[in-house]
Amino acid sequence: MAKKAVVQGVGGAGAAPAAPLAQAGTHRRDFIAIAAVSAGGVGALAALVPLISQMAPSADVLAESSTEVDISAIAPGQAIKAMFRKQPVFIRNLTPAEIAAAEAVPVASLRDPQTLEQRTKPGKKNWLITMGVCTHLGCVPLGTGQGEPKGEFGGYFCPCHGSQYDTAARIRKGPAPKNLAVPDYTFESPTLVKIG
Ligand code: FES
């Protein structure tokens, strides 16, 4: 069930002579100790697996955490911040100029080469929906709110260490390695988007 969005790694012929018995014994003890430690490590790992699987959310819980957002009030040039699984999502209605700016960039020159078309749904290039989480260290970039800096490329600006994203939310400058991630989403209607 969807939740409504809150907008905002042997010795051979050349091997060294065999070690004296005492030393060999030491080696054997070392081996036994190492084997015991290894077995302990495996045991600990085996104990962790059920714990991790208990911590992983079930498919039901994940399905329940989809988010529906009414986008009817987002005018061209505007963006909103919604919440999806406790993380911000940016939903932006690109202007024709912003679409043109994104399409004018040679894709091969990008750090994380993707076209605007690959980052949006067919026939809906103006709707740019991305996670609002910087791919450097996870800050929330600026650029959705009115008056917030959008950076040199008119998209989003992460003030934490200066990453700058363009109008397709692609990384253009600064330390972030990837574009802002595009979550799974579908258009339930022309004005209703279901994220997740
Ligand atoms: Fe965004 Fe470092 S977290 S630039």
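Position 1 is the first residue of the sequence; numbering continues from there. Atoms within a ligand are numbered from 1 in the order they appear, just like the ligands themselves.
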For atom 2 (Fe) of ligand 1, which protein N/O/S atoms are closer than 2.8 Å?
His136 ND1, His161 ND1
For residues 79-104, which residue pairs pass the ring-ring contact (aromatic ring centres under 6.0 Å, His included) check, not counting sequence neighbours?
Phe90-Tyr156
Is the number of heavy atoms from other residues, nucleotides or ligands under 6.0 Å of Lys178 NZ greater than 12?
no
Check whether the side chains of Glu188 and Thr186 place a donor and an acceptor atom closer than 3.5 Å, and report yes or no.
yes
Would you kindly say whether Asn93 and Gln78 are connected by a side-chain donor-acceptor distance under 3.5 Å?
no
Checking Arg172 against Gln164: is there a side-chain donor and acceptor pair closer than 3.5 Å?
no
Spell out, as yes or no, whether a donor-acceptor pair under 3.5 Å connects the side chain of Lys121 to the backbone of Tyr185.
yes
